[in-house]
Amino acid sequence: MPDRAPQPVDRQLPTDEARDLISLVRDIAQREIAPKAAEEEDAGRFPREVFTLLSESGLLGLPYDSEYGGGDQPYEVYLQVVEELAAVRLTVGLGVSVHTLASYALATYGSKQQQVEHLPAMLGGGLLGAYCLSEPASGSDAASLRTKAVRDGEDWVITGTKAWITHGGIADFYTVMARTGEDGPRGISAFLVPADAAGLSAAAPEKKMGMKGSPTAQVHFDGVRVGDERRIGEEGQGFAIALSALDSGRLGIAACAIGVAQAALDEAVTYATERRQFGKPIADFQGLRFMLADMATQIEAGRALYLAAARLRDAGRPFAKQAAMAKLHCTDTAMKVTTDAVQVLGGYGYTADFPAERYMREAKVLQIVEGTNQIQRMVIARHLAGPEGR
């Protein structure tokens, strides 16, 4: 029933340039990403050529300064690009978000000289980044990280292991948080480490239930030597940089979640309007119609929430609480909507012949990465009631 087929999201965009940008993204997504998404995810293949194309098209540095190869786009627009890409293949949408996260420290806290030297290649020169904060023994408690950077003349020598690193082993640069001083958050500094540095290596990628095309791996630093000119910000400022980056990164995860949820809803609507039982489309049964209505409402609410947080960020206003709310709500929505999409498709939803099961597997990780949803609730509660144990 063509008149009921899902239509592209009707976006409220601030400029004609932004509308042209979304059109470009949709064209690339349908032409270069969608045809191979299911096959490559099943095979665990990372689409590096897609990221090269995105870089050449100016889509890997959208929220950053055009002086250094960025796109000068507000987060309100950048996040909707991420959503469009994630709806077609989460490996790509999340990869763009992670690359943006990895570039954040240098773009925001780097010196003018550092930015001139490194940002053009990071934002539009075909490079791909990774963000190294978590470790095997410090995930949610990131301030307890043990990777060390020891001063040796004009250099720093980094030793330790980072865990759960998206793009681990394939990235061209790593933004690394390492301990340079006392225990706790004040003893952490940030470094920009090239992937070809001696002593840097990656373990075999983790075997995951979803997002098999996106490598997640431990990254080992065995006496990796970098010059002091690759330290970002002041000594001891690294944890503050990391948290600031995560506030923005959580909005990227929220946008990814809404993209996956939208794809699942579109699949469910298409199936429900075509599948006939008892002589009519199953979309004509009220119980199922209400499921679709609830799914669509949750998605619209999530989109409005992450865009409201993005607009606060674009206006230079505090947005950390709203970013945590957006990450929490949007990723929980993605899990609920994708589960419901599998239910709409019935037995077919449980097979790999349809993408609903892939969306459901992928949605789960979004409740975990860049701060579990339990951590988001802690962040929100602190904004409401102050720190625990006062």
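For the numbers below, each heavy atom of this structure counts, side chains included, while hydrogens, waters and symmetry mates do not. Quick caveat, the model's predicted, so the values are computed rather than measured. The residues of the chain are indexed from 1 along the displayed sequence.
Considering NE2 of His167 and OG of Ser214, their distance stands at 5.0 Å, rounded to 0.5 Å. If you take OG1 on Thr331 and CD on Gln376, they are separated by 7.5 Å, rounding to the nearest 0.5 Å. Atoms CG and CZ, from Leu106 and Phe173 in turn, are 8.5 Å apart once rounded to the nearest 0.5 Å. Rounding to the nearest 0.5 angstrom, the gap separating the OG1 atom in Thr338 from the CZ atom in Arg361 is 11.0 Å. Of the inter-residue distances, the one linking Thr161 atom OG1 with His220 atom NE2 reads 5.0 Å to the nearest 0.5 angstrom. Separating the SG atom in Cys256 from the CE atom in Met211 is a distance of 7.5 Å, to the nearest 0.5 Å.
Checked against the 6.0 Å centroid threshold, Phe51 and Phe46 count as a close aromatic pair.
Every residue meeting the side-chain hydrogen bond (donor to acceptor under 3.5 Å, both in side chains) condition with Tyr78, not counting sequence neighbours, appears here in chain and number order: Thr100. Taking Asp42 as the reference, nothing meets the side-chain hydrogen bond (donor to acceptor under 3.5 Å, both in side chains) condition, with sequence neighbours excluded. With sequence neighbours excluded, the residues that form a side chain to side chain contact (heavy atoms under 4.5 Å, CB included) with Val379 are Arg250, Ala324, Ile375, His383. For Ala37, the side chain to side chain contact (heavy atoms under 4.5 Å, CB included) partners at least two apart in sequence or on another chain are Arg89, Arg358. Scanning for side-chain hydrogen bond (donor to acceptor under 3.5 Å, both in side chains) contacts around Ser248 gives Arg313, with sequence neighbours left out. For Lys336, the side-chain hydrogen bond (donor to acceptor under 3.5 Å, both in side chains) test picks out Asp340, with sequence neighbours left out.
Under the 4.5 Å side-chain heavy-atom criterion for Ile, Leu, Val, Met, Phe, Trp and Tyr, Val92 and Leu90 are members of distinct hydrophobic clusters. A continuous path of Ile, Leu, Val, Met, Phe, Trp and Tyr side chains, each step under 4.5 Å between heavy atoms, connects Leu307 with Leu312, placing both in one hydrophobic cluster. One hydrophobic cluster holds both Leu24 and Leu54 under the rule that ILVMFWY side chains link at heavy-atom gaps under 4.5 Å. Cluster membership for Tyr64 and Leu62, using ILVMFWY side-chain heavy atoms within less than 4.5 angstrom, is not shared. Residues Val81 and Tyr306 fall within the same hydrophobic cluster, defined by Ile, Leu, Val, Met, Phe, Trp and Tyr side chains chained together at heavy-atom separations under 4.5 Å.
Partner of Ile253 under the side chain to side chain contact (heavy atoms under 4.5 Å, CB included) criterion, chosen from Val365, Leu366, Leu246: Leu366. Of the listed residues (Val88, Leu85, Ile33), just one forms a side chain to side chain contact (heavy atoms under 4.5 Å, CB included) with Val25, and that residue is Leu85.
The residues Arg146 and Asp183 are annotated as salt-bridged, a charged nitrogen and a carboxylate oxygen being separated by less than 4.0 angstrom. No salt bridge links Asp314 with Arg311; every basic N to acidic carboxylate O contact stays at or beyond 4.0 Å.
Within the 4.5 Å cutoff, side-chain heavy atoms of Glu17 are placed close to those of Gln73. Looking only at side-chain heavy atoms (C-beta outward), Val9 and Arg26 come within less than 4.5 Å of each other. Pro281 is listed as a side-chain neighbour of Arg276, based on a closest heavy-atom distance under 4.5 Å. Side-chain atoms of Arg19 and Ile22, non-hydrogen and from C-beta on, never get closer than 4.5 Å to each other. Trp156 has its side chain within reach of Arg151: a pair of non-hydrogen atoms, C-beta onward, lies under 4.5 Å apart. Using a 4.5 Å cut-off on side-chain heavy atoms (C-beta onward), Tyr348 and Asp353 make no contact. Counting heavy atoms from C-beta outward, Val77 and Thr15 have side chains that stay 4.5 Å or more apart. Using a 4.5 Å cut-off on side-chain heavy atoms (C-beta onward), Thr180 and Ile188 make no contact.
Counting non-hydrogen atoms of neighbouring residues, nucleotides and ligands closer than 6.0 angstrom, the CZ atom of Arg317 reaches no more than 12 such neighbours. The number of heavy atoms from other shown groups lying within 6.0 Å of CD (Gln237) is above 12. In this structure, Glu234 places its CD atom where only 12 or fewer heavy-atom neighbours from other residues, nucleotides or ligands lie under 6.0 Å away. Dense packing is recorded around NZ of Lys208, with more than 12 heavy atoms of other residues, nucleotides or ligands lying under 6.0 Å away. In Gln12, the CD atom is not crowded: 12 or fewer heavy atoms of neighbouring residues, nucleotides or ligands sit closer than 6.0 Å.
Pairs of residues two or more places apart, or lying in two chains, that qualify as salt bridge (charged side-chain N to carboxylate O under 4.0 Å, His left out) and include a residue from residues 90-112 are Glu67-Lys112. Listed by first and then second residue, the salt bridge (charged side-chain N to carboxylate O under 4.0 Å, His left out) pairs that reach into residues 184-196 come to none, sequence neighbours excluded. Each salt bridge (charged side-chain N to carboxylate O under 4.0 Å, His left out) pair with one or both residues in residues 98-111, not counting sequence neighbours, would appear here, but there are none.
Between Ala197 and Val224, the shortest heavy-atom distance links the atoms CB-CG1, 3.7 Å. Looking at every heavy atom in both residues, Lys36 comes nearest to Glu32 through CE-O, 3.9 Å. Of all heavy-atom pairs spanning Leu292 and Ala272, the tightest one is CD1-CB, 4.3 Å. Tyr271 approaches Val344 most closely through the heavy-atom pair CE2-O, 3.7 Å. In plain terms, the two heavy atoms of Ala178 and Ala149 that are nearest each other are CB-CB, 3.9 Å. In plain terms, the two heavy atoms of Gln115 and Tyr68 that are nearest each other are OE1-OH, 3.4 Å.
The hydrophobic cluster around Leu305 extends to Met325, Leu328, Ile380, Leu384, counting ILVMFWY residues whose side-chain heavy atoms fall within less than 4.5 Å of a member. Apart from Met209 itself, the hydrophobic cluster it occupies contains nothing, where clustering links Ile, Leu, Val, Met, Phe, Trp and Tyr at side-chain heavy-atom distances under 4.5 Å.
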Let me see the working for Glu370 and Tyr131 under side-chain hydrogen bond (donor to acceptor under 3.5 Å, both in side chains), right down to the final yes or no. CA-CA 10 Å; Glu370 294 191 30; Tyr131 178 81; over 6 Å; no

Worked verdict on Tyr104 versus Thr175 for side-chain hydrogen bond (donor to acceptor under 3.5 Å, both in side chains): CA-CA 9 Å; Tyr104 177 91; Thr175 296; over 6 Å; no

Please assess Ser57 against Ile28 for the test side chain to side chain contact (heavy atoms under 4.5 Å, CB included), listing each intermediate value before the final yes or no. CA-CA 10 Å; Ser57 303; Ile28 290 174; 3.8 Å; yes

For residues 257-269, please give each side-chain donor-acceptor pair under 3.5 Å, one per line with the distance, not counting sequence neighbours.
from: Gln262; atom 1: OE1; to: Arg303; atom 2: NH2; distance (Å): 3.0
from: Gln262; atom 1: NE2; to: Asp266; atom 2: OD1; distance (Å): 3.1

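Side-chain N or O atoms of Gln114 include one that pairs as donor or acceptor with a backbone N or O of Glu229 at under 3.5 Å.
For the pair Lys280 and Phe285, the cation sits on the ring face: its NZ or CZ lies under 6.0 Å from the ring centre, inside 45° of the axis.
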